[in-house]
Amino acid sequence: MHHFEYRNNTLYAEDVDLAALAQEIGTPFYVYSEATLRRHIGVFAKAFAGADTLVAYSVKANSNLAVLKILASEGAGADVVSGGELMRALKAGIPPEKIVFSGVGKTDAEIKAALEAGIHQFNVESEPELDALNRLGIALGRPAPIAFRVNPDVAAGGHDKISTGRKEDKFGVAWHEARALYARARAMTGVAVKGVDLHIGSQITDLAPFETAFRKAAGLIADLRADGCAIERLDLGGGLGIPYGAGAVPPHPEEYAALIKRVTAPLGVQLIFEPGRMIAGNAGVMVTRVVYDKKGEARRFLIVDAGMNDLIRPALYDAHHDILPVCRNPGALQVVYDVVGPVCESSDFFAKGRCLPETPPGESVAVMSAGAYGAAQASEYNSRRLIPEVLVNGDKHAVIRRRPTYDEMLALEATPGWLD
Ligand code: LLP
């Protein structure tokens, strides 16, 4: 459920008229609904009420400071994958003891920063990383709390590029090596073994792969305990899909929670979750204006002022996003469009062969379900400035990331003296 709906044929974000907002902000821009963000994190927390859980929001999905601050105020922790995300999470007021650090390539500098901050857990993805954590834990006199991210070899995820739990994927340690690695880690003084971690993919719309992976993890915990290894936490990652308006419908968080409670209840562990998309995805849309309606030789193109640099999901994952006119005209002709941006790539599209009301230049459309992996994956390709992000709360709105000036876009570049 989200808070984007039509009132008198105009699309609103909560109580804010998006046509008026487009006039004020200028297109393209992202707009997020605070009520939706709060609702989603609340639904997740409620599904696990009574259990010992840490909901560590996956910052990569939407890392805007205001978004993080909202989630922090709801009691969320953070799943971070870089020194930059760690810095953002701390700056937003997320307590270090609620932060977990995932990722296959943590550098010494990143590990040091996280150790000094006193985070809850490092999710260790390889033996060399274990050695680095041990070395730095000893050097700083602070053992690193760790869980190994184990790779259960389960196929899951809405697209090949967002599947992470197969043995061909770069993530996690091999299942059959896990027990030996835990034994090695237990003998180290620079790390403290705390738990088991896994994350099998993203936009998962079927409970079956979760169940297979979670049962394997429960079995591993039993084996590790039999080896004499105390395991007090189980991090189940993120990955629960959201409805995008087409494609498979994901299970409700309550069903996901019921499965998890069934599988993990006998273990007596703290459960950690790293939801990203489920929290932010349907809490945001991207508003973009039609520049031209181009009748090509074989297709009709709705050319909008946002490009693949602003929202890369269709280009990268063939992702479906619903597209809605900001001002709906019930009498409009239905037209089959390719909705494309101005970037010089054929992959610069938001929809292909999509039936939409005929939309004249100057009108805006909303690309729906763009709150996760939208702004966070944007770039300045084609020297296009990053687009603003706006937060709505009831009838209030605030720009939470402004559009930079062209001078700001160039500010970090320099031409060496010999070119003068
Ligand atoms: N934890 C780890 C270790 C992850 O790698 C991810 C996502 C998450 C949690 C959060 O997963 P979520 O709950 O959002 O599914 N850019 C792609 C998605 C990439 C997901 C990467 N990892 C997209 O736009 O579909």
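All residue numbers refer to positions in the sequence shown, counting from 1. First listed ligand is number 1; within each ligand, the first listed atom is number 1.
A centroid separation of less than 6.0 Å is found between the aromatic rings of Tyr256 and Phe210. Taking the six-membered ring where the residue is Trp, the centroids of Phe273 and Phe48 are separated by under 6.0 Å.
The 12-atom threshold is exceeded at OH of Tyr6, counting heavy atoms of other residues, nucleotides or ligands nearer than 6.0 Å.
Qualifying side-chain hydrogen bond (donor to acceptor under 3.5 Å, both in side chains) partners for Glu85, counting only residues two or more places apart in sequence or in other chains: none. Under the side-chain hydrogen bond (donor to acceptor under 3.5 Å, both in side chains) criterion, Asp338 pairs with Arg299, not counting sequence neighbours.
For ligand 1, the atoms closer than 4.0 angstrom to any heavy atom of Gly276 are 12 (P), 13 (O), 14 (O). Heavy-atom contacts of Gly238 reach the following atoms of ligand 1: 9 (C), 13 (O) (cutoff under 4.0 Å). Near Asp79, the atoms of ligand 1 lying under 4.0 angstrom from a non-hydrogen atom of the residue are 1 (N), 2 (C), 9 (C). Close approach of ligand 1 to Pro275 is summarised as follows: ligand atoms under 4.0 Å from at least one heavy atom of the residue are 13 (O). Residue contact check: Glu274 has heavy atoms under 4.0 Å from atoms 1 (N), 2 (C), 3 (C), 8 (C), 9 (C), 10 (C), 13 (O) of ligand 1. Near Gln377, meaning under 4.0 Å from any of its heavy atoms, are these atoms of ligand 1: 16 (N), 24 (O).
Using a 4.0 Å cut-off between heavy atoms, His199 contacts ligand 1 through its side chain alone, with no backbone atom that close. Within the 4.0 Å heavy-atom criterion, both parts of Ser202, backbone and side chain, lie near ligand 1. Contacts between Tyr317 and ligand 1 below 4.0 angstrom, taking non-hydrogen atoms only, involve the side chain exclusively. Contact annotation: for Ile204 versus ligand 1, there are no heavy atoms closer than 4.0 Å. With a heavy-atom cut-off of 4.0 Å, Arg149 touches ligand 1 through its side chain alone. Only the side chain of Arg313 comes within 4.0 Å of ligand 1, counting heavy atoms alone; its backbone N, CA, C and O stay farther away.
The shortest N or O to N or O distance between Gly237 and ligand 1 is not under 3.5 Å. Where the criterion is an N or O separation shorter than 3.5 Å, residue side chain and backbone included, Gly201 fails it with respect to ligand 1. For ligand 1, the polar-atom distance check against Ser102 finds no nitrogen or oxygen pair separated by under 3.5 Å.
Cation-pi check for Arg7 over Tyr12 is met; the charged atom lies under 6.0 angstrom from the ring centroid and within 45 degrees of its normal. Geometrically, Lys106 engages Phe101 in a cation-pi contact defined by less than 6.0 Å to the ring centre and at most 45° from the axis. For the pair Lys294 and Tyr292, the cation does not sit on the ring face, since its NZ or CZ is not both under 6.0 Å from the ring centre and inside 45° of the axis. In this structure, Arg403 is not positioned above the aromatic face of Phe29 in the sense of NZ or CZ being under 6.0 Å from the six-membered ring centre and within 45° of the axis.
Ligand 1 lies out of reach of Ala61, whose nearest heavy atom is not under 4.0 Å from it.
For Asn151 and Glu125, the side-chain atoms include no donor-acceptor pair closer than 3.5 Å. Side-chain contact, His3 with Thr36: a donor N or O sits under 3.5 Å from an acceptor N or O.
Residue Lys60 holds the heavy atom nearest to atom 5 (O) of ligand 1 of all those in Lys60, Gln203, Glu125, Arg277.
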